[in-house]
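Structure, as structure tokens:
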Amino acid sequence: MYIALVPCGTRVFCFSKEIEMSDRYEDSPLYRIRHSAAHIMAQAVLEFYPDAKYTIGPPVENGFYYDFEFSQPVTQEDLEKIEKRMRQIIAAGHEFRRKALSAEEARQIFADQPYKLELIDGLEKGGLDEYGNPLTEKPEISIYQHDTFTDLCRGPHVENTRQINPSAIKLMSIAGAYWRGDENNKMLTRIYGTAWQKPDELKNYLAMLEEAKKRDHRKLGKELEIFIFDDEVGPGLPLWLPNGGIITEQLERLAKEMEEKAGYSQVRTPHVTKEDLFLRSGHLPYYAESMYPPMEMDGVKYYVKPMNCPMHHKIFAARPRSYRELPIRLAEYGTCYRYEKSGELFGLMRVRSMQMNDAHIYCSEEQFESEFMGVIDLYKKYFDLFGIERFKMRLSLHSKAGLGKKYVDNERLWVKTEDMVRRAMLNGGVPFVEVEDEAAFYGPKIDVQIWSAIGREFTLATNQVDFAVPERFDLKFVNKEGGEETPLCIHRAPLSTHERMVGFLIEHYAGAFPVWLAPEQVRVIPITDAQSEYAGQLEAQLREAGVRARADLGSERMNAKIRAAQMFKVPYMLVVGASEAEAGTVSLRLRDGSQENNIPVAAFVSRVQEKIRSRASVL
RNA sequence: GCCGACGUAGCUCAAUCGGCAGAGCACCCGCCUUGUAAGCGGGCGGUUACGAGUUCGAUUCUCGUCGUCGGCUCCA
């Protein structure tokens, strides 16, 4: 069962069926167990560190956490004793008791707990929840007590600590976390734990984590020689090895094919531009934090581009445009550089240099819906091709508080374009969720959210509306009536960036790429040296036929060569001995271990060619 | 950027209390001539991330820098 975890501030418009059928997490027994486990952990922690201040401790996907302010450093090694004490508390069979009370009574109970006092203030005055988000109605203040521990909490909890299986909980890790998630606030210490109903479920969860580590793109990327990072090159600046070069090249060919069919034009633009361009685009006021510092030449500042859009705008403006030309779709696999904070870097998924599957569509307001949905259709085609099923479309909206800071200050246009996107998605019947304060600075967007092997969420593809920047660039087209109009701009990146896409695909396929993407498609393995020549001929013939093939003529035994090819996840292995050389056939071993013998060479060649041409997902 | 942990050969990892830095794989050279996931032998490979400090002596202890990892913040 998939349990939807919807962050605060999310409005859900249409769930996928899977989610629709499941219960709300908040109502599930697991939620109570995890929430209660968090309280028990807090009790254990306070017994060991009586002067620790406790803050909040909610259930999360797969477990729970609790944030503390400690006066001394607490480390991973300390988790063992805390966990042991938790088991004792559970075994003692304490009741969880709820009590509603006034803000004043609550303040007395938590007199020496500054964070709890702040929470009480939020509940009472501002109508803020524990995360600092505004609440629509004033909640009742309640506490939960068990054994010696009392927490400000709205529940729900288990009735008795015995309802938690002490063998189905485990403390996982320790990490820093800002109070209320704000980097301007104090950093607290967060302890993560996991809790399940049965010990077997815990075991399965831990086994799943181990499995996930095996498909982590950082591990596979190294093993399969797809990319590396080098200390002297710099953090977040990946080097694509030849195998990575093949994969990215195949993705580009796919994109260009699809874009040609969909009426895009390919353009190319420089990596650096004068400061003026980014002042005009608004990147410098709104996006400067993520930009590399400028370099100066002849008294002029130049910036490395974090986005391609301003240059595409200039291409649009290269000459006067008529409504007859619209929509104009400009595409470029543009290389951009963003100065991501060091701690934000994450393998290929979050880097500082990236090549985007970028394009900008300039259209009139009437054309907007069909253009926007055309992009969504393109997503769907790609996702079908890759067999990507687990994703979430998210309508990312502005926030009122961010106007003029994170977002262009024009609320009317925000509301209008957000509504356009919402309507287009509803008309198209595409399920999505809405989240505030996630928009681009120039407009709302539909982000496609995916999860990395270790469960971290990323935006893969994105489809953004820009109602602000075309005007700043004074972009115009002449309409039917002969008047001037400013076009809307859609920024889209269905294949994300090479970096994030390949990182994702490595994990998605666990390194076993479909034939068309596999860096090496065929490995020819002679059984003895006597077949070296035949193997070499096969390699040449396959290459001639457009297949990436290699004959392994080393001095290892056949079994060792098969093993090497398996570890590299080469889709096809051709094992050839005396009889195959004699008959002009091959013995085919697939990556999955299955075998087909006595295949005529020509038959194999055309089979591989067909798999490549159709970008087939099966071998 | 912040909190915490970690950094030994190309890779995966050892090295007791501070006392000569080691193994497997990979790579190179031989031998073996093999039928669907590791044949055998030999060789090469290190300023223990970098820089200071403590010490007779530092992979080991201390400090700093860089990088990586788990999170937070942020995001294609």
Side-chain angles (χ1 to χ4, degrees), chain A residues 65 67 69-70 73-78 172-192 216 218-219 222-223 225 228-232 234-236 289-290 306-307 336 338-351 354-358 396 406 438 440 445 447-450 454 456-462 464 491-501 503-504 525-532 554-567 573-580 587-591 593-597:
Chain A
Y65 67 77
D67 285 348
E69 183 187 333
F70 289 107
V74 173
T75 63
Q76 190 80 31
E77 285 103 68
D78 300 313
M172 301 295 285
S173 60
I174 200 154
Y178 298 108
W179 167 236
R180 285 196 154 152
D182 186 333
E183 62 182 323
N184 300 310
N185 287 345
K186 196 174 173 84
M187 175 137 303
L188 307 168
T189 302
R190 174 171 298 180
I191 301 176
Y192 280 98
D216 190 316
R218 292 168 296 184
K219 180 176 155 67
K222 194 185 282 180
E223 288 170 4
E225 296 181 11
I228 54 159
F229 288 95
D230 184 283
D231 284 359
E232 276 184 276
E289 239 182 44
S290 303
M307 293 184 188
C336 297
R338 296 180 186 176
Y339 194 81
E340 307 288 354
K341 292 180 193 167
S342 58
E344 293 166 346
L345 302 174
F346 180 76
L348 275 185
M349 302 294 249
R350 191 76 182 277
V351 291
M354 71 208 80
Q355 223 176 331
M356 303 174 63
N357 172 229
D358 210 359
S396 300
K406 282 168 77 176
E438 291 285 347
K445 54 181 182 165
D447 290 322
V448 180
Q449 301 300 108
I450 50 98
I454 63 164
R456 205 178 286 186
E457 184 175 335
F458 287 94
T459 299
L460 189 70
T462 187
Q464 317 179 341
H491 306 234
R492 42 113 278 182
L495 288 180
S496 190
T497 60
H498 276 328
E499 288 71 20
R500 192 168 286 180
M501 191 71 195
F504 172 77
I525 298 169
I527 291 173
T528 75
D529 290 351
Q531 290 86 46
S532 286
S555 63
E556 297 299 315
R557 265 154 215 258
M558 175 200 70
N559 283 316
K561 291 180 183 179
I562 288 174
R563 181 166 188 271
Q566 285 287 155
M567 306 245 286
M573 282 153 268
L574 301 183
V575 180
V576 293
S579 60
E580 284 84 3
S587 166
L588 172 63
R589 180 193 164 101
L590 301 182
R591 185 166 56 195
S594 65
Q595 263 185 68
E596 298 169 40
N597 295 327

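Labels below follow one simple rule: chain letters A, B, ... track the order of the sequence lines, proteins then strands, and each chain is numbered from 1.
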Has [X] got a side-chain N or O lying under 4.0 Å from the OP1 or OP2 atom of [N]?
X	N	answer
Lys219(A)	U12(B)	no
Lys186(A)	C3(B)	no
Tyr192(A)	C72(B)	yes
Arg589(A)	A37(B)	yes
Thr189(A)	C3(B)	no

Using a 3.5 Å distance criterion without hydrogens, assess whether the side chain of [X] forms a donor-acceptor pair with backbone atoms of [Y].
X	Y	result
Asp447(A)	Gln449(A)	no
Glu499(A)	Gln355(A)	yes
Glu344(A)	Val351(A)	no
Arg218(A)	Gly503(A)	no

Any strand is fair game: report the nucleotide pairing with [N] by Watson-Crick or G-U wobble, both distances under 3.5 Å, or none.
N	answer
G46(B)	none
C40(B)	G30(B)
C69(B)	G4(B)
A52(B)	U62(B)
G22(B)	C13(B)

Could you give the distance separating [M] and [N] at their [atom1] atoms, to the nearest angstrom?
N	M	atom1	answer
A38(B)	C63(B)	P	48 Å
C61(B)	C17(B)	P	11 Å
G51(B)	G7(B)	C1'	15 Å
A49(B)	C44(B)	P	24 Å
U8(B)	U68(B)	P	14 Å
A23(B)	G46(B)	C1'	14 Å

* Determine the sole option in Met558(A), Glu580(A), Gln531(A) for which the side-chain contact (heavy atoms from CB on, under 4.5 Å) test with Pro526(A) is passed. =>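 Single pass found, and it is Gln531(A).
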State which of [options] makes the closest approach to the side chain of [X].
X	options	result
Gln566(A)	A37(B), G1(B), G39(B)	A37(B)
Tyr178(A)	G39(B), C2(B), A37(B)	C2(B)
Val351(A)	U12(B), G4(B), A76(B)	A76(B)
Met354(A)	A37(B), A76(B), G1(B)	A76(B)
Met187(A)	A37(B), C2(B), A5(B)	C2(B)
Thr497(A)	C72(B), C74(B), A76(B)	A76(B)
Arg557(A)	G39(B), A5(B), C75(B)	G39(B)
Arg456(A)	G67(B), A76(B), G70(B)	G70(B)
Asn559(A)	A38(B), G1(B), G70(B)	A38(B)
Lys222(A)	C75(B), C72(B), C11(B)	C11(B)

Base, sugar-phosphate or nothing for [X]? Non-hydrogen atoms, less than 4.0 Å.
X	answer
Arg338(A)	base
Ser555(A)	base
Ala493(A)	nothing
Ala578(A)	base
Asn597(A)	base
Ala175(A)	base
Ser342(A)	base
Gln76(A)	nothing
Lys406(A)	nothing
Ile525(A)	nothing
Glu580(A)	base

Between [atom2] of [N] and [atom1] of [X], the distance in whole Å:
X	N	atom1	atom2	result
Asn185(A)	C74(B)	CG	P	12 Å
Met573(A)	A37(B)	CE	P	9 Å
Asp231(A)	U65(B)	CG	C1'	13 Å
Met558(A)	C40(B)	CE	P	15 Å
Glu457(A)	C75(B)	CD	C1'	11 Å
Met567(A)	A37(B)	CE	P	13 Å
Lys561(A)	C27(B)	NZ	P	12 Å
Glu344(A)	C2(B)	CD	P	12 Å

* Given that Asp447(A) and Tyr339(A) both sit by RNA chain B, which one's nearest nucleotide is further toward the 5' end? ->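 Result: Tyr339(A).
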* Asked: For Phe229(A) and Ile527(A), take the nucleotide of RNA chain B holding the closest heavy atom to each; which residue's nucleotide lies nearer the 5' end?
  ->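 It is Ile527(A), whose closest nucleotide lies nearer the 5' terminus.
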hbond_proxy [X] side chain to [N] base (donor-acceptor, 3.5 Å cutoff):
X	N	result
Arg190(A)	C3(B)	no
Gln595(A)	G35(B)	no
Arg350(A)	C74(B)	yes
Arg500(A)	C75(B)	yes

* About how many Å separate NZ of Lys406(A) and CD of Glu289(A), when rounded to the nearest 0.5 Å? ->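 Answer rounded to 0.5 Å: 10.5 Å.
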* To do: Please round to the nearest 0.5 Å and tell me the distance separating atom CD1 of Ile562(A) and atom CD of Glu556(A).
  =>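 Taking CD1 in Ile562(A) and CD in Glu556(A), the distance rounds to 12.5 Å.
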* Identify whether the distance between the nearest side-chain nitrogen and carboxylate oxygen of Arg180(A) and Asp182(A) falls below 4.0 Å. =>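 So Arg180(A) does not pair with Asp182(A) through a salt bridge.
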* Asked: Would you call Lys341(A)-Glu183(A) a salt bridge at under 4.0 Å N-O?
  ->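 Yes, this pair counts.
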* Asked: Heavy-atom distance under 4.5 Å between the side chains of Arg500(A) and Met354(A), does that happen here?
  ->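 Heavy-atom side-chain distance check fails, nothing below 4.5 Å.
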